[in-house]
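What follows is a short report on a single structure.
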Protein chains: 2
Amino acid sequence: MDETLELTERRVTGCCRPALAPRLDAAAAKRLSDDLSILSHPMRLQILDLLAQRDGQICVCDLEAALPVKQPTVSHHLKLLREAGLIDSERRGLWVYYMIRCEAVTALRDRLLTQLDALR
Amino acid sequence: MDETLELTERRVTGCCRPALAPRLDAAAAKRLSDDLSILSHPMRLQILDLLAQRDGQICVCDLEAALPVKQPTVSHHLKLLREAGLIDSERRGLWVYYMIRCEAVTALRDRLLTQLDALR
DNA sequence: CAACTATATTGACAACCTTCAATCTATATG
DNA sequence: CATATAGATTGAAGGTTGTCAATATAGTTG
């Protein structure tokens with residue numbers, strides 16, 4: 001039985017139309033979902049919010065005091081945000097101060113916006 | 001030792017400033033992260049993309065053919081998207097056709113945009 | 001340098017998420 | 001009604017992520 005016949009049969013049954021392929025390929029989908037994943041945790045959102053609010057700098061102990069998790073957990077999320085390029089840190093004496101990288105947040109926002117708008 | 005003294009000491013040490021509280025409360029952060037989570041999977045993004053592209057309707061067998069996962073996995077992601085209100089379905093005979101809910105995607109996009117813009 | 005403090009790292013554990021084979025349900029058709 | 005097909009559901013297995021106690025590191029201060 002040849003493919004042409006098979007395709008015709010499928011069309012006849014009323015179901016599937018020919019060749020449906022994603023515009024968004026697997027790699028692009030992965031990149032977009034990575035962009036979304038870094039943001040999709042309440043604690044990371046609250047940390048970004050705190051850093052944005054006090055647009056100077058905040059030390060870890062302030063963050064720890066403002067959030068309902070222990071210090072290693074705060075450090076863990078800070079590390080993820082830093083690896084994603086969304087925040088930066090600077091040691092001053094005993095303390096480490098964190099600050100938001102506005103251009104990076106803006107760039108991320110713009111990427112998300114562009115790609116979400118393509119989904120319509 | 002009273003609190004006032006403690007606060008003064010902290011300020012003197014150069015670290016923590018008074019009262020840092022998230023503008024984004026825990027519940028709002030959870031809602032936002034839920035919005036992000038539904039999107040943050042490559043397969044769901046590709047499904048939305050396929051549905052947006054063919055803005056009519058697509059049956060599950062077409063989706064299954066276009067994606068590198070088995071039928072139960074496709075159904076699983078479709079269920080999550082439907083529960084999130086981003087897509088809709090309609091049985092026609094043996095087949096179930098899925099369609100994107102543009103207003104819902106737009107509303108989600110707008111929510112994200114608003115809240116991300118507050119993070120700066 | 002000893003004692004101390006702020007933060008980072010490690011490792012263990014639990015919770016959650018993704019996937020699939022197997023099975024179930026609904027519909028169609030001979 | 002028997003058989004067949006599309007899709008949903010269930011349950012198990014594996015993977016990833018989030019949390020914390022314990023510990024390590026880096027800087028400070030007497």
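Numbers restart at 1 for each chain; the letters A, B, ... are given by sequence-line order, proteins then strands. Values below: every heavy atom of this structure, side chains too, minus hydrogens, waters and symmetry copies.
A/Asp117 and A/Arg120 get closest at one heavy-atom pair: OD1-NH2, 3.1 Å. Here the closest non-hydrogen pair linking A/Gly85 and A/Ala104 is O-CB, 3.2 Å. Closest approach of A/Ile100 and A/Leu48 over heavy atoms only: CD1-O, 3.8 Å. Looking at every heavy atom in both residues, B/Arg23 comes nearest to A/Ala52 through NH2-CB, 4.0 Å.
Here D/dG18 is the nucleotide among D/dT19, D/dG18, C/dT7 with the atom lying nearest to any side-chain atom of A/Leu80. Checking C/dC20, C/dA8, D/dG7 against the side-chain heavy atoms of A/Val60 singles out C/dA8 as nearest.
One interatomic measurement links the two molecules: CH2 of A/Trp95 to P of C/dT5, which rounds to 11 Å at whole-angstrom precision. To the nearest angstrom, P of D/dT16 lies 10 Å from NZ of A/Lys30. The distance between atom CD of B/Glu64 and atom C1' of C/dA21, rounded to the nearest whole Å, is 13 Å. When the P atom of C/dT7 is taken as reference, atom CD1 of A/Ile47 falls 13 Å away, rounded to whole Å. In this structure, the CD atom of B/Gln57 is 16 Å from the C1' atom of D/dA6, given to the nearest Å. The distance between atom NZ of B/Lys79 and atom P of C/dC20, rounded to the nearest whole Å, is 18 Å. In this structure, B/His41 atom NE2 and C/dT18 atom P are separated by 5 Å, rounded to whole Å.
A sub-4.0 Å separation between OP1 or OP2 of C/dA6 and a side-chain N or O of A/Tyr98 is absent.
A/His41 contributes atom NE2, which lies 12.5 Å from atom CG of B/Leu36 (distance to the nearest 0.5 angstrom).
Heavy-atom distances under 4.0 Å link DNA chain C to A/Gln71, A/Pro72, A/Ser75 of residues 70-78 of chain A, given in residue order. Contacts between residues 81-94 of chain A and DNA chain D, defined by a heavy-atom separation under 4.0 Å, are made by A/Arg91, A/Gly93, A/Leu94.
Considering B/Leu113, B/Leu116, B/Leu39 in turn, B/Leu116 is the only one that fulfils the side chain to side chain contact (heavy atoms under 4.5 Å, CB included) rule with A/Leu112.
At least one side-chain heavy atom of A/Leu67 sits under 4.5 Å from a side-chain heavy atom of A/Leu50.
The pair A/Arg31-A/Asp35 fails the salt-bridge criterion, with no side-chain N (NZ, NE, NH1 or NH2) lying under 4.0 Å from an Asp/Glu carboxylate O.
By the rule that hydrophobic residues join a cluster once side-chain heavy atoms approach within less than 4.5 Å of another member, B/Trp95 and B/Met99 end up as members of separate clusters.
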